[in-house]
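What follows is a single structure, written as structure tokens, with notes after it.
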Amino acid sequence: MGDTVCNGTHSKKLLLSDPEAFDAKFEELVTELTDRNLQDPGLAYALNRLREILIYNVPGGKRNRGLSVIGSLRELLPPSQLTQDTVQQALMVGWCIEMLQAFFLMADDIMDASVTRRGQPCWYKRDGIGLDAINDSFLVESSIYRLLRKQCRDQPYYVHLLELFNETTFQTELGQALDLMTAPPDQIDLNRFTMERYKTIVKYKTAFYSFYLPVASAMYMAGINSDEEHNNAKHILLEMGEFFQIQDDFLDCYGDPAVTGKIGTDIQDNKCSWLVVKALEVMTPEQKSVLEACYGRKDESSVAKVKELYNALQMPTLYHTYEEESYQRLQKLIAQHAQSLPHSIFLNFAKKIYKRNK
């Protein structure tokens with residue numbers, strides 16, 4: 001199926017690719033949220049702030065989550081049903097997912113005391129912002145529901161999307177709570193780092209909103225409402241989400257910062273990452289003593305010792321073995337659970353994440 005959409009200007013007859021149409025949609029949505037239907041002129045100053053918050057924090061990522069809504073919908077609906085209005089609504093829902101991501105990241109950066117995000121200072125680090133960023137993140141979250149109400153209220157899938165976004169937000173926040181409780185700063189307790197705990201954190205903190213949310217949104221927009229169909233998709237997508245986070249953990253230590261765009265700090269930050277959990281499963285008591293002495297420390301020599309330990313345990317080899325096993329498991333899950341859903345939805349996702357280097 002094609003990936004172009006009419007941009008709505010009949011005089012120019014231009015065709016935009018989905019990524020181009022998606023980018024063009026953003027400014028329209030910012031205007032919708034900050035300029036239109038302004039009842040109280042006294043709010044103009046606050047709405048200007050909202051515009052600044054949205055423009056700074058929402059674009060700039062890889063946009064995989066947002067673009068997956070229109071990409072999945074193209075696989076679920078025949079071209080005859082993919083009207084211009086439907087495409088525009090899919091682009092809007094995609095941006096709602098990107099806003100949800102921005103809301104999480106703005107708050108996460110404060111909690112983690114992060115300095116940069118997507119190659120620029122974290123929002124709370126900007127002059128004059130500070131902890132006001134907490135309320136700013138709430139504004140981004142609230143904007144999601146304003147857009148859904150304004151643009152989808154008359155659609156049969158409106159309530160499904162509301163419930164889906166609410167449930168996904170709750171699940172992600174539970175995962176974040178578990179992550180924070182498992183690895184508090186300056187409290188090194190390697191006994192908390194189990195594979196079971198790790199997988200639960202990943203499932204709730206990352207997999208639901210990054211993988212299930214975009215596809216489930218498209219499914220509801222295509223009129224696929226049955227619990228069975230959604231559970232089948234969930235089986236496949238949560239497996240993908242787990243691998244995606246494990247890959248992220250691997251790249252945090254072994255990725256090239258020039259390619260990934262960030263310098264990994266999982267070791268310094270005492271993170272419950274796949275590498276430390278896997279290392280604990282295979283290391284000797286002597287090696288564990290070294291890990292206990294060095295993990296979660298900020299100094300370069302401690303970090304270097306943890307990396308030496310990972311190399312001695314052949315973590316890259318263990319990771320690449322896991323990657324291959326995960327891909328084979330994914331193929332089986334698709335064959336088993338996607339009988340009535342297009343396999344291409346899941347395979348398109350898989351192509352984006354397996355063997356990536358950033």
Side-chain angles (χ1 to χ4, degrees), residues 1 3-5 7 16-33 53-77 82 84-106 108 117-119 137 139-148 150-152 155 157 160-162 164-169 171-172 205-222 233 237 240-241 244-245 248 261 344-346 348-353 356 358:
M1 294 183 202
D3 68 345
T4 55
V5 294
N7 70 349
L16 300 181
S17 69
D18 283 346
E20 289 168 337
F22 189 66
D23 290 345
K25 186 75 176 172
F26 182 66
E27 180 57 41
E28 178 192 319
L29 296 176
V30 171
T31 301
E32 175 83 31
L33 287 163
I53 295 163
L54 292 169
I55 289 171
Y56 191 90
N57 291 287
V58 179
K62 293 189 282 287
R63 303 167 306 160
N64 284 344
R65 295 168 182 85
L67 282 166
S68 292
V69 179
I70 182 61
S72 299
L73 202 57
R74 288 194 183 282
E75 304 294 344
L76 292 167
L77 288 179
L82 212 61
Q84 179 64 10
D85 283 347
T86 304
V87 168
Q88 290 301 313
Q89 285 186 319
L91 297 176
M92 181 273 297
V93 172
W95 275 116
C96 286
I97 295 175
E98 293 293 320
M99 286 181 191
L100 189 68
Q101 157 92 331
F103 156 60
F104 292 145
L105 296 182
M106 289 169 74
D108 198 51
R117 168 70 64 183
R118 294 171 174 170
S137 74
L139 281 171
V140 175
E141 185 195 23
S142 301
S143 297
I144 295 165
Y145 297 99
R146 285 188 70 73
L147 286 177
L148 290 175
K150 285 187 174 192
Q151 301 204 11
C152 293
Q155 298 297 330
Y157 50 77
H160 288 300
L161 288 185
L162 285 184
L164 178 64
F165 271 83
N166 267 308
E167 182 66 10
T168 303
T169 301
Q171 288 163 329
T172 307
K205 187 182 173 183
T206 302
F208 274 109
Y209 93 89
S210 299
F211 287 84
Y212 177 62
L213 175 60
V215 176
S217 297
M219 288 170 69
Y220 283 129
M221 294 180 81
L237 293 161
M240 245 188 277
F244 178 82
Q245 185 59 55
D248 224 41
S344 50
I345 289 181
F346 308 105
N348 288 344
F349 247 136
K351 278 180 203 163
K352 287 178 186 171
I353 63 166
R356 74 185 171 107
K358 64 178 180 179

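Here the closest non-hydrogen pair linking Met240 and Phe346 is CE-O, 3.6 Å. Across Val69 and Ala90, no two heavy atoms sit closer than the pair CG1-O, 3.7 Å. Taking all atoms of both residues into account, the shortest heavy-atom contact from Tyr145 to Thr169 is OH-OG1, 4.0 Å. Contact record, Arg118 with Pro59: NH1-O, 3.2 Å, taken as the closest heavy-atom pair. Between Leu82 and Thr86, the shortest heavy-atom contact is CD1-CG2, 4.2 Å. Taking all atoms of both residues into account, the shortest heavy-atom contact from Leu54 to Ser143 is CD2-OG, 4.5 Å.
Distance check, rounded to the nearest 0.5 Å: CD1 of Ile144 to CG of Leu162 gives 11.0 Å. Atom CG of Leu161 sits about 6.0 Å away from atom SG of Cys152, to the nearest 0.5 Å. Here Asp248 contributes atom CG and Thr206 contributes atom OG1; the two are 7.5 Å apart, rounded to the nearest 0.5 Å. With rounding to the nearest 0.5 angstrom, the CD atom of Gln101 is 4.0 Å from the CZ atom of Arg65. In this structure, CD in Glu141 is found 7.5 Å from OG in Ser137, a value given to the nearest 0.5 Å. Note: Glu28 CD to Met92 CE = 10.0 Å, rounded to the nearest 0.5 Å.
Identified under the salt bridge (charged side-chain N to carboxylate O under 4.0 Å, His left out) test for residues 85-95, with sequence neighbours left out: none.
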Original post:
Going through the checks in order, is the side chain to side chain contact (heavy atoms under 4.5 Å, CB included) test met by Thr172 and Leu100?
Top reply: CA-CA 10 Å; Thr172 307; Leu100 189 68; 5.7 Å; no
Subject >> Intermediate values then yes/no, side chain to side chain contact (heavy atoms under 4.5 Å, CB included), Ile53 and Leu139 >> reply: CA-CA 9 Å; Ile53 295 163; Leu139 281 171; 4.0 Å; yes
Original post:
Going through the distances and angles, do Gln151 and Leu29 end up as a side chain to side chain contact (heavy atoms under 4.5 Å, CB included)?
Top reply: CA-CA 10 Å; Gln151 301 204 11; Leu29 296 176; 3.6 Å; yes
Subject >> Check against side chain to side chain contact (heavy atoms under 4.5 Å, CB included), Met219 and Leu73 >> reply: CA-CA 7 Å; Met219 288 170 69; Leu73 202 57; over 6 Å; no
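Of the possible donor and acceptor atoms, none in the side chain of Glu75 sits under 3.5 Å from a partner among the backbone N and O of Ile345. Panel note: side chain Trp95, backbone Val30; no donor-acceptor pair is recorded below 3.5 Å.
Within the 4.5 Å cutoff, the side chain of Asp108 has heavy atoms near those of the Lys205 side chain. No side-chain heavy atom of Phe208 sits less than 4.5 Å from a side-chain heavy atom of Leu213. Within the 4.5 Å cutoff, the side chain of Tyr212 has heavy atoms near those of the Leu164 side chain. You'll find the side chain of Arg63 reaches within 4.5 Å of the side chain of Asp23, heavy atoms only. Using a 4.5 Å heavy-atom threshold, the side chains of Ser217 and Phe165 count as touching. Side-chain atoms of Leu67 and Lys62, non-hydrogen and from C-beta on, never get closer than 4.5 Å to each other. Residues Tyr157 and Gln89 have side chains in contact (heavy-atom distance under 4.5 Å, counting atoms from C-beta outward). In this structure, the side chains of Met99 and Leu33 come closer than 4.5 Å at one or more pairs of heavy atoms.
Checked for salt-bridge contact, Lys150 and Glu32 meet the test: a charged N lies under 4.0 Å from a carboxylate O.
A donor atom on one side chain and an acceptor atom on the other are not found under 3.5 Å apart for Tyr209 and Gln171.
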